[in-house]
Student: 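Supplied in structure tokens, the structure appears directly below.
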Amino acid sequence: MENKETFAPWAIGVFLLAVLTVQSGAVLAKKLFELVGPEGATSMRLGFAALMLLVVFRPWRINFKKGNLKHFLVYGVALGAMNFFFYRALKEIPIGIAVAIEFVGPLSVALIYSRRPIDFIWILLAVIGLLLLLPIGQEVHNVNFKGVIYALIAGFWWAVYIIYGRKVGKAYGIPIVSAGMIVGALIFAPIGIITEGANLLNPTILGLGLLVALLSSAIPFALELIAMTHIPAKTYGTLSSMEPAVGAIFGIVFLSEYLLPIQWIALSAIICASLGATLTARGK
């Protein structure tokens with residue numbers, strides 16, 4: 001009865017809009033790479049997002065004595081790192097493939113917390129998908145080991161972000177995301193500032209960077225926050241599983257990142273693994 005009371009069909013549309021917004025931000029970020037590289041784009045995304053969330057959540061009101069400060073610092077580092085390495089991956093490989101590989105992070109978290117016999121099926125599917133995406137032989141194009149490694153590192157930090165995000169979220173509440181974004185920006189934004197320098201102050205680049213931050217962080221975060229409070233956790237997880245496919249479609253339409261049949265099979269395997277892990281997860 002509780003799930004029925006919290007379910008609102010319109011919230012699914014809100015979540016789907018968030019997914020479309022994130023992938024639009026990824027497409028725009030890849031175009032921004034041509035001007036300031038992934039490091040510069042990361043600096044602008046984290047920097048602008050930190051400023052936006054600073055205004056909205058006013059993190060100076062957070063009582064940091066309520067929780068574990070080390071957990072918060074790990075959370076902030078993870079938030080910045082997953083963005084930094086994901087953008088490095090996007091520079092090397094198509095969006096859909098980068099999202100699919102990165103998705104192994106949250107999938108691993110779900111499977112670690114479950115540990116049931118059926119979960120070995122989802123692990124096997126995820127491993128098959130990853131193996132099919134590895135650049136071995138002539139069949140897999142537009143993919144190199146550097147991009148795969150960056151995406152896997154991003155996935156690792158996404159998993160850390162989820163684990164520690166739960167901890168700091170319970171201790172400090174939703175405004176902690178603003179403080180975490182500031183930590184991530186302070187650590188990773190200087191990399192792009194050092195490599196790109198005054199180039200980041202170009203009005204056109206500033207405008208693109210602001211738009212990337214809006215599409216990739218500020219808007220989808222707000223939309224997901226709304227959706228999460230009106231749909232059951234399993235529905236949320238099921239909808240999230242479609243992100244690699246949406247990323248692949250956006251890559252084809254806007255960046256001409258066409259995928260081979262074997263790559264679509266690989267994406268499908270990872271999506272099915274995520275979907276299966278979500279649907280068979282035990283509710284608490």
Side-chain angles (χ1 to χ4, degrees), residues 15-16 18-23 25-26 71 74-90 93 95-116 118-130 133 148-170 174 176-177 180-181 184 216-217 220-221 223-225 227-228 231-248 266-284:
F15 180 82
L16 293 177
V19 172
L20 295 176
T21 305
V22 168
Q23 299 308 325
H71 288 172
V74 172
Y75 167 75
V77 171
L79 198 157
M82 69 178 186
N83 283 285
F84 177 79
F85 286 105
F86 180 66
Y87 273 14
R88 294 299 298 267
L90 281 186
I93 57 180
I95 291 176
I97 293 177
V99 174
I101 295 174
E102 188 194 27
F103 228 74
V104 173
L107 174 59
S108 299
V109 173
L111 295 176
I112 288 171
Y113 277 100
S114 185
R115 298 173 184 169
R116 290 183 300 160
I118 194 173
D119 292 327
F120 285 102
I121 297 175
W122 316 132
I123 293 172
L124 180 61
L125 274 175
V127 170
I128 290 173
L130 281 176
L133 288 176
V148 170
I149 294 300
Y150 283 143
L152 285 173
I153 295 174
F156 166 78
W157 283 111
W158 192 358
V160 174
Y161 167 80
I162 291 172
I163 293 170
Y164 282 87
R166 288 172 177 169
K167 294 179 180 180
V168 300
K170 290 179 181 178
I174 292 176
I176 198 64
V177 69
M181 186 69 75
S216 299
S217 298
F221 173 77
L223 293 176
E224 286 187 8
L225 197 61
M228 286 172 66
I231 56 178
K234 277 195 176 183
T235 304
Y236 182 85
T238 301
L239 293 171
S240 297
S241 302
M242 66 184 291
E243 287 199 42
V246 175
L267 260 66
S268 299
I270 293 174
I271 290 170
C272 287
S274 177
L275 185 60
T278 299
L279 294 178
T280 60
R282 281 199 183 102
K284 291 185 179 182

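Everything quoted here is computed from the prediction, not taken from an experiment.
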Student: Between Leu79 and Met181, does the side chain to side chain contact (heavy atoms under 4.5 Å, CB included) criterion hold? Intermediate values first, please.
Tutor: CA-CA 7 Å; Leu79 198 157; Met181 186 69 75; 3.4 Å; yes

Student: Side chains of Ile118 and Ile121: does their closest heavy-atom pair fall under 4.5 Å?
Tutor: yes

Student: Return the CH2 to CE distance between Trp157 and Met82, rounded to the nearest 0.5 Å.
Tutor: 11.5 Å

Student: Look up atom CD1 in Ile149 and atom CD1 in Ile153, then write down how far apart they are to the nearest 0.5 Å.
Tutor: 6.5 Å

Student: So, for Cys272 and Leu125, which heavy atoms are closest and what is the spacing to 0.1 Å?
Tutor: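 Between these two residues, the closest heavy atoms are CB-CD1, 4.0 Å.
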
Student: Verify the ring-centre separation between Trp158 and Phe86: is it less than 6.0 angstrom?
Tutor: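 No.
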
Student: Going from CG on Leu152 to CD on Glu102, what distance comes out if it is rounded to the nearest 0.5 angstrom?
Tutor: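 Leu152 atom CG to Glu102 atom CD measures 10.0 Å (nearest 0.5 Å).
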
Student: Should the ring pair Tyr164 and His71 be called parallel, tilted or perpendicular, given that the plane angle runs from 0 to 90° and is split at 30 and 60?
Tutor: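 Aromatic pair Tyr164/His71 classed perpendicular.
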
Student: Rounded at 0.5 Å granularity, tell me how far CG in Leu239 sits from CG in Leu275.
Tutor: 10.0 Å

Student: If you measure from OG on Ser108 to CD1 on Ile162, what distance do you get to the nearest 0.5 Å?
Tutor: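 It is 9.5 Å, given to the nearest 0.5 Å.
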
Student: For the atom pair CG (Leu16) and OG1 (Thr21), what is the distance rounded to the nearest 0.5 Å?
Tutor: 10.5 Å

Student: Got a donor-acceptor contact below 3.5 angstrom from the Ser274 side chain to the Ile270 backbone?
Tutor: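 Side chain of Ser274 to backbone of Ile270: no pair is present.
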
Student: Against Val246, only a single residue in Val19, Ile95, Val22 fulfils side-chain contact (heavy atoms from CB on, under 4.5 Å); can you say which?
Tutor: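 Option passing the side-chain contact (heavy atoms from CB on, under 4.5 Å) with Val246: Val19.
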
Student: If you look at every heavy atom in Phe15 and Ser240, which pair is closest and at what distance?
Tutor: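 Residues Phe15 and Ser240, closest heavy atoms: CZ-OG, 3.4 Å.
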
Student: Tyr75 and Gly180: which non-hydrogen atoms are nearest, and at how many Å?
Tutor: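 Closest approach of Tyr75 to Gly180: CE2-CA, 3.8 Å.
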
Student: Considering non-hydrogen atoms only, spot the tightest contact between Ala159 and Gly105 and give its length.
Tutor: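 It is CB-O, 3.6 Å.
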
Student: Please evaluate residues Leu133 and Val148 with respect to the criterion side chain to side chain contact (heavy atoms under 4.5 Å, CB included), reporting the C-alpha separation (whole Å), side-chain torsions for both, the decisive distance (0.1 Å), and the verdict.
Tutor: CA-CA 8 Å; Leu133 288 176; Val148 170; 5.7 Å; no

Student: How close do Ala26 and Ser216 get, heavy atom to heavy atom, and via which atoms?
Tutor: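 Distance-wise, the nearest heavy atoms are N-OG, 4.1 Å.
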
Student: Quick check: closest heavy atoms across Ala273 and Ala126, and the distance to 0.1 Å?
Tutor: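 Heavy atoms only, the tightest pair is CB-N, 3.8 Å.
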
